[in-house]
Enquirer: 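Attaching a single structure in structure tokens format; questions to follow.
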Amino acid sequence: MQAIRGTKDIISPEIYTWQYIEHIISILTNQFGYSEIRTPIFESIDVFKRTIGENTDVVGKEMYTFPDKGGDILTLRPEATASVVRAAVQHNITAQQQLSRVWYNGPFFRYERPQKGRQRQFHQFGAELLCAASVEADIEIISLAYTFLQKLGISNSVLSINTLATPQVRSIYRSVLLDYFQSNINTLSEDSQKRLVLNPLRILDSKNLDDKLIAANAPKLLDYLDDESTIHFDKVCEYLTRLNIPFIQQSTLVRGLDYYSHTVFEFTSNALGSQDALGGGGRYNDLFEQFGGKNTPSIGFAFGIERLIIAMNAHGFSPDTINPDYYIIGFESNDARSKAIQTAHMIRNTTNYIVITDVQNRSLKAQMKDADKHNAQFAIIIGPEEADKSECIVKNLKEGTQQNFPLDTFLSSLK
RNA sequence: GCGAGUGUAGCUCAGUGGUAGAGCAGCGGUUUGUGGUUCCGCUGGCCGUGGGUUCAAUUCCCAUCAUUCGCCCCA
């Protein structure tokens, strides 16, 4: 038996990197005043289907969808934003234009071919700023995401931003683009010919060389923006400059989910290989209405934890190891071993020190070696002689010095 | 869904048509109650799984599963 394809067990020592990231998330979200939200792992398929977009790959071929015993069609969440909005509408979180700041961290599921930085069960940390249409909201979200990467020591990632404007502008642009690509259809790659039908904007993003040449001369969305979109986007760029957050305007940046409008952004890293996005996000001003809510402009982002770890490792990150304060050694006689276990029990009950003991009845030498391997500060040694006198040897393993103490004296010195 | 590579001890990897090695790790010892350095020894592998070719396969062929890297897509 083994873990199924595209899933994995996270064990020591990698788990310490995960815990480190979770620790940073906790600090960061507190700094920005965001509170955690935990939505169900599975939802009705309808939560994702129309909101993400029926023509997207995520919905079209990547969702884990199944009927439950009652016949309801359920889907393992492939992303979080739709769930968060569903929850916000259900609980009237943003009723009366109430702003809300939330974050999440957890597993998501997409049925895809695994490769570097891509699994079927993966994990995302994300944040959503609900009910805020202002440029400042965009900036807060991008600043949060940027600060997160800084705190993790991922210094060389690149922030790309773009605007997808309003749905109205986008549909005009879409038809212009369609005409343009239609006239070049024979030189387009096979994939892009399909994209022409499903989502022509996506051709702009193609990795195919021929497509890139054609896309380079394609009409630019920027030339079709209305005033509202232009002003918003320009202000976002100005603000980023003022905050000293480096970015590049990338007119080819198209995000894969249908609900985005206006600001979209992505953080990439060259440490990741082909799946080069650490995370991304954007504004979704019309999503609430799809869940029967009022118009509630919002913006958010998500990072892939697995990809962050790849980037952190590329930067040489290694998590701090937690070393024991005391390694309690009892050896040879039952009395000595018993006193050692009692001592460990006492220390753990009355203090927060980290205490390791041997549970294999090993020799003094073996336990000393083990204490060293654990990188313990002190070895507390109790042999038959010490046990008889209710004493212990306190040995400083860093300095190699040691001294005998009555057990009581040693224990009371810890408080 | 498509393409290519890989699958041998806990880990990283050698290797050969006649049932296997190294380094690291682990355990033990170096004169018997003390770790981190040497030195010595030991444990440990149905050589991914199932078929086929062969007197014989871990080594060749096929399939399958897993994994890696691409395509696609995204976190």
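Since the model is a prediction, treat every value here as computed from it, not as a measurement. Within every chain, numbering begins at 1; the chains are lettered A, B, ... in the order of the sequence lines, protein sequences first and strands thereafter. As a basis for the values below, the full set of heavy atoms in this structure was taken, side chains included, without hydrogen atoms, waters or symmetry mates.
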Enquirer: Under a 3.5 Å cut-off for both distances, is B:G28 Watson-Crick or wobble paired, and to whom?
Expert: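 In the structure as shown, B:G28 has B:C40 as its Watson-Crick or wobble partner.
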Enquirer: Within this structure, what is the CD1-to-P distance between A:Ile203 and B:C72, rounded to whole angstrom?
Expert: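 To the nearest whole Å, that distance equals 13 Å.
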Enquirer: Can you tell me the distance, in whole Å, between the CH2 atom of A:Trp18 and the C1' atom of B:A75?
Expert: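 Distance check: A:Trp18 CH2 to B:A75 C1' gives 11 Å.
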Enquirer: Find the distance A:Phe109:CZ to B:C73:C1' and express it as a whole number of Å.
Expert: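 Answer to the nearest Å: 19 Å.
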Enquirer: Is the NZ or CZ atom of A:Arg86 positioned over A:Phe291's six-membered ring, under 6.0 angstrom from the centre and within 45° of the axis?
Expert: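 That pair does not qualify as a cation-pi contact.
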Enquirer: Do the ring planes of A:Tyr260 and A:Tyr284 sit parallel (below 30°), tilted (30 to 60°) or perpendicular (above 60°)?
Expert: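 Rings of A:Tyr260 and A:Tyr284: perpendicular, over 60°.
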Enquirer: Rounding to a whole Å, what distance do you find between A:Asn208:CG and B:C72:C1'?
Expert: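 Value for this atom pair: 12 Å.
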Enquirer: Heavy atoms from C-beta onward define the side chain here; which of B:A75, B:G35, B:C74 lies closest to that of A:Lys395?
Expert: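 Minimum distance to the A:Lys395 side chain belongs to B:G35.
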Enquirer: Under 4.0 Å between any heavy atoms, over every strand shown, what does A:Gly273 touch: base, sugar-phosphate, or nothing? Just pick one.
Expert: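 It contacts sugar-phosphate atoms only.
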Enquirer: Could one point to a donor on the side chain of A:Glu112 or the base of B:A75 with an acceptor on the other under 3.5 Å away?
Expert: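 Counting by modelled atom types and ignoring angles, a donor-acceptor contact under 3.5 Å is found here.
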Enquirer: For the pair A:Glu112 and A:Arg118, find out whether any cationic side-chain nitrogen is under 4.0 Å from an anionic carboxylate oxygen.
Expert: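 The answer is yes: the pair qualifies as a salt bridge.
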Enquirer: What contact category does A:Glu79 fall into here, base, sugar-phosphate, or nothing, at under 4.0 angstrom with non-hydrogen atoms?
Expert: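 Nothing: the residue A:Glu79, judged by heavy atoms under 4.0 Å, touches no strand.
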Enquirer: Among the nucleotides B:C74, B:G1, B:C69, which one has an atom lying closest to any side-chain atom of A:Arg110?
Expert: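 Of B:C74, B:G1, B:C69, B:C74 is nearest to the side chain of A:Arg110.
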Enquirer: Looking at the side chain of A:Leu364, which of B:G33, B:C73, B:G35 is the nearest nucleotide?
Expert: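 The answer is B:G33, which lies nearest to the side chain.
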Enquirer: Could you tell me whether A:Leu278 contacts a base, only the sugar-phosphate backbone, or nothing, with contacts defined as non-hydrogen atoms closer than 4.0 Å?
Expert: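 It contacts sugar-phosphate atoms only.
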Enquirer: Which one, B:G35, B:C72, B:C27, comes nearest to the side chain of A:Lys373?
Expert: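 The answer is B:C27, which lies nearest to the side chain.
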Enquirer: Which whole-number value in Å describes the distance from A:Gln119 CD to B:C69 P?
Expert: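 My rounded result for the distance is 10 Å.
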Enquirer: With a 3.5 angstrom cut-off on both distances, give the Watson-Crick or G-U wobble partner of B:G1, or none if there isn't one.
Expert: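 Across any shown strand, B:G1 pairs with B:C71.
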Enquirer: Base, sugar-phosphate alone, or nothing: which one does A:Gly117 contact when heavy atoms must sit under 4.0 Å apart?
Expert: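 Here A:Gly117 touches the bases of the nucleic acid.
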Enquirer: Whole angstroms only, please: what is the CG-P distance between A:Asn396 and B:G36?
Expert: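 From A:Asn396 CG to B:G36 P: 16 Å.
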Enquirer: For the side chain of A:Gln124, starting at C-beta, report the closest nucleotide among B:C72, B:A75, B:U30.
Expert: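 So the nucleotide nearest the side chain must be B:A75.
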Enquirer: Give the nucleotide from the list B:C27, B:G33, B:U34 with an atom nearest to the side chain of A:Glu386.
Expert: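 Looking only at side-chain atoms, A:Glu386 lies closest to B:G33.
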Enquirer: Could you measure between the two P atoms, the one in B:G36 and the one in B:G28, and give it in whole Å?
Expert: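 It comes out at 12 Å once rounded to the nearest Å.
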Enquirer: Heavy atoms only, 4.0 Å cut-off, all strands: where does A:Asp57 land among base, sugar-phosphate and nothing?
Expert: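 Answer is sugar-phosphate: A:Asp57 comes under 4.0 Å of backbone atoms only.
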Enquirer: What integer distance in Å separates A:Ile356:CD1 from B:G35:C1'?
Expert: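 For the pair A:Ile356 CD1 and B:G35 C1', the rounded distance is 16 Å.
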Enquirer: With a 6.0 Å cut-off on the ring centroids, do A:Tyr326 and A:Phe410 count as close?
Expert: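 That pair passes the under 6.0 Å test.
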Enquirer: In whole Å, what separates the P atom of B:U12 from that of B:U53?
Expert: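 Result for the P pair: 35 Å, nearest Å.
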Enquirer: Pick the C1' atom in B:U58 and in B:U54, then give their distance to the nearest Å.
Expert: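 15 Å, rounded to whole Å.
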Enquirer: Go nucleotide by nucleotide along RNA chain B from the 5' end; which of A:Glu62 and A:Ile381 gets its closest nucleotide reached first?
Expert: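 Of the two residues, A:Ile381 wins.
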Enquirer: Considering only the P atoms, how many Å lie between B:G45 and B:A9, rounded to the nearest integer?
Expert: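 It comes out at 10 Å once rounded to the nearest Å.
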Enquirer: Between A:Thr351 (side chain only) and A:Arg348 (backbone N and O only), is there a donor and an acceptor less than 3.5 Å apart?
Expert: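 Side chain of A:Thr351 to backbone of A:Arg348, a donor-acceptor pair under 3.5 Å: no, none is there.
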Enquirer: Would you mind telling me which of B:G70, B:C73, B:G28 lies closest to the side-chain atoms of A:Ala366?
Expert: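 That would be B:G28.
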Enquirer: Compare the ring of A:Phe331 with the six-membered ring in the base of B:G33 and state whether they stack (centres under 5.5 Å, planes under 30°).
Expert: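 Whether judged by distance or by angle, A:Phe331 falls short somewhere, so it does not stack on the base of B:G33.
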Enquirer: Describe the nucleic acid contact of A:Gly6 in one word from base, sugar-phosphate, nothing, applying a heavy-atom distance below 4.0 Å.
Expert: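 Sugar-phosphate contact only - A:Gly6 comes under 4.0 Å of backbone atoms but never of a base.
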Enquirer: Just so I know, are the side chains of A:Leu222 and A:Phe233 near enough to count as touching, which here means a heavy-atom distance under 4.5 Å?
Expert: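 Answer yes - side chains close enough.
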Enquirer: Nearest to the A:Arg118 side chain among B:A75, B:G35, B:C74, which nucleotide is it?
Expert: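 Given the options B:A75, B:G35, B:C74, the side chain of A:Arg118 is closest to B:A75.
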Enquirer: What is the distance, rounded to the nearest whole Å, between atom CD of A:Glu128 and atom P of B:A75?
Expert: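 These atoms are roughly 12 Å apart.
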Enquirer: Taking NZ, NE, NH1 and NH2 as the nitrogens, is one of them in A:Arg101 or A:Glu128 under 4.0 Å from a carboxylate oxygen of the other?
Expert: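 No.
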Enquirer: Students often get this wrong, so: under 4.0 angstrom with heavy atoms, is A:Gln402 touching a base, only sugar-phosphate, or nothing?
Expert: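 Base contact.
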Enquirer: Indicate, with a heavy-atom threshold strictly under 4.0 Å, whether A:Arg113 touches base, sugar-phosphate, or nothing.
Expert: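 Base, at least one base heavy atom under 4.0 Å.
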Enquirer: Expressed as a whole number of Å, how far does the C1' atom of B:A4 sit from that of B:G41?
Expert: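 Result for the C1' pair: 45 Å, nearest Å.
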Enquirer: If you round to the nearest 0.5 Å, how far is CG of A:Asn184 from CD of A:Gln182?
Expert: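 Reported value, rounded in 0.5 Å steps: 10.0 Å.
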Enquirer: Does the side chain of A:Lys365 get closer than 4.0 angstrom to OP1 or OP2 of B:G35 through an N or O atom?
Expert: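 Yes, such a contact exists.
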Enquirer: With a cut-off of less than 4.0 Å, is there a side-chain N or O of A:Gln115 near OP1 or OP2 of B:C69?
Expert: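 Answer no for this pair, as no side-chain N or O of A:Gln115 is under 4.0 Å from OP1 or OP2.
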Enquirer: Can you tell me the Watson-Crick or wobble partner of B:C46, both distances under 3.5 angstrom?
Expert: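 Pairing partner: none.
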Enquirer: Whether A:Arg5 contacts B:U67 is assessed here as follows: a side-chain N or O lying under 4.0 Å from the phosphate OP1 or OP2. Is that the case?
Expert: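 Checking A:Arg5 against B:U67: at least one side-chain N or O falls below 4.0 Å of OP1 or OP2.
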